[in-house]
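Shown next, in structure tokens, is the structure this report addresses.
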Protein chains: 2
Amino acid sequence: MNGIDQILRQHDIKPSYLRMKVFDYLKQHMDHPDVDKIYKVLAPEIPTLSKTTIYNTLHLFVEKGLVTELILNHQKHYDIRTIPHAHFQCTACGQIDDLEIIPPALDPKYVAAWQINQVQLTYFGVCASCQK
Amino acid sequence: MNGIDQILRQHDIKPSYLRMKVFDYLKQHMDHPDVDKIYKVLAPEIPTLSKTTIYNTLHLFVEKGLVTELILNHQKHYDIRTIPHAHFQCTACGQIDDLEIIPPALDPKYVAAWQINQVQLTYFGVCASCQK
DNA sequence: CTCACTTTTGTAATGATTACATTTTAATTA
DNA sequence: TAATTAAAATGTAATCATTACAAAAGTGAG
Ligand SMILES: [Mn+2]
Ligand SMILES: [Mn+2]
Ligand SMILES: [Zn+2]
Ligand SMILES: [Zn+2]
């Protein structure tokens, strides 16, 4: 939990207690949790916690470029890794794994015309343990 | 609209009037429409049309491998192209363009462990006309 | 302490999708 | 052809993640 306030400040985010808790959670759980997962884990130790706060905090993090948001299965998942990489999602159990694949660069003619902000490369399938 | 019944039959789909209409729409509109778009266009010429039918039909098409489903912006979009390719979506106007990029193949060790069913490569950004 | 501002909370609304029961249509059989 | 059965289409209600919005609680400067 140390140094977290520094990181938040570097991204122009005032490090409140809750924001630090949420960021700390993301740092320690790189399995791309959704809002509900984060809420369910933090709620017991923060009895007053509201799910709206989790939403607000994550929106702020995304806006400030601190975390990446990936929409899979009609749900937003949050990833503390901001460098481009790919994902695998098991359509049976929902687990999301990191893949060290860098998405291909766009043709220069598109880069000139469009302003690209994010690239998402996802492989869908069934993981090893779900195949049995 | 000719030959559509053949294509449906080849994919083990009984070519009803509505199924042919939906497929015909997808064939003529490759801009990756969502359910609502398809419904709004077909409803005027088919007064009894139900949105549930559009859902049912598209689910069937996907199940039979006739069309591809891509989830962007919390919405399902349908693509008559089934060969792998990438997409660009403008986050301002929502338009979805095809990109002739083939998503990179997975490392063999993953291919062996997982059963990959679909790959989705999407570039998000702002299109030329929305930048003004 | 007071005031202004930020953060957090609670509740209601939104909107795409799904579940499910009913009605309509098509195909099969007698 | 009429009766029976199966398939397709429809209508309505439920689901559920997300958002909108207003109120409450906390923070920090003067
Ligand atoms: Mn990741
Ligand atoms: Mn496409
Ligand atoms: Zn799995
Ligand atoms: Zn645009």
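Protein chains get the first letters and strands the later ones, always in sequence-line order, with residue 1 at the start of each. The basis for the numbers below is simple: all heavy atoms, side chains too, and nothing from hydrogens, waters or symmetry mates. All figures in this text were calculated on a predicted structure; none of them were measured in a lab.
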Self-check item: Nearest-angstrom distance from the residue atom CG of B:Asp36 to P of C:dT14
Solution: 16 Å

Quiz item: If you look at every strand shown and take non-hydrogen atoms under 4.0 Å, does A:Lys51 touch a base, only sugar-phosphate, or nothing?
Solution: nothing

Quiz item: Could you give the distance from NZ (B:Lys37) to NE2 (B:His32), rounded to the nearest 0.5 Å?
Solution: 11.0 Å

Quiz item: Between CD1 of A:Ile71 and CG of A:Asp34, what distance do you get to the nearest 0.5 Å?
Solution: 12.5 Å

Exercise. Using whole Å, report how far CG of A:Asp12 lies from P of C:dT7.
Key: 10 Å

Exercise. May I have the distance from A:Ile46 (atom CD1) to C:dT7 (atom C1'), rounded to whole angstrom?
Key: 14 Å

Quiz item: Roughly how far, to the nearest 0.5 Å, is CG of B:Leu60 from CG of B:Asp12?
Solution: 8.5 Å

Quiz item: Is the phosphate of D:dT19, meaning OP1 or OP2, less than 4.0 Å from a side-chain N or O of A:Lys76?
Solution: yes

Quiz item: Rounded to the nearest 0.5 Å, what separation is found between the CZ atom of B:Arg19 and the NE2 atom of B:His11?
Solution: 14.0 Å

Self-check item: Phosphate contact (C:dT8 OP1 or OP2) by A:Ser50 side-chain N/O below 4.0 Å
Solution: no

Using the 3.5 Å cut-off, write out each protein N or O paired with an N or O of nucleotides 6-8 of chain D and the distance between them.
unit_1 : atom_1 : unit_2  : atom_2 : d
D:dA8  : OP1    : B:Arg19 : NH1    : 2.8

Quiz item: How would you label the contact of A:His77 with the nucleic acid (heavy atoms, under 4.0 Å): base, sugar-phosphate, or nothing?
Solution: nothing

Self-check item: Nearest-neighbour nucleotide for the B:Val35 side chain, D:dT18, C:dT17, C:dT8 considered
Solution: C:dT17

Quiz item: Is the shortest side-chain N/O distance from A:Lys21 to OP1 or OP2 of C:dT8 below 4.0 Å?
Solution: no

Quiz item: Which nucleotide in the list D:dT18, D:dA20, C:dT17 gets nearest to the side chain of A:Thr52?
Solution: D:dA20

Quiz item: Closest approach of A:Asp79 and A:His87, non-hydrogen atoms and distance?
Solution: OD2-NE2, 3.1 Å

Practice problem: Rounded off to whole Å, could you give me the CG-to-C1' distance for the B:Asn56 and C:dT24 pair? | Solution: 14 Å

Practice problem: Please round to the nearest 0.5 Å and tell me the distance separating atom CG of A:Asp36 and atom NZ of A:Lys76. | Solution: 15.0 Å

Quiz item: Do the side-chain N or O atoms of B:His59 get closer than 4.0 angstrom to the phosphate oxygens (OP1, OP2) of C:dT18?
Solution: yes

Practice problem: Could you state the atom-to-atom distance from CD of A:Gln75 to P of D:dT15 in whole Å? | Solution: 17 Å

Self-check item: Residue whose nearest DNA chain D nucleotide is more 5′ - B:His74 or B:Leu49
Solution: B:Leu49

Quiz item: Which value, rounded to the nearest 0.5 Å, describes the distance between B:Glu100 atom CD and B:Ile102 atom CD1?
Solution: 8.5 Å

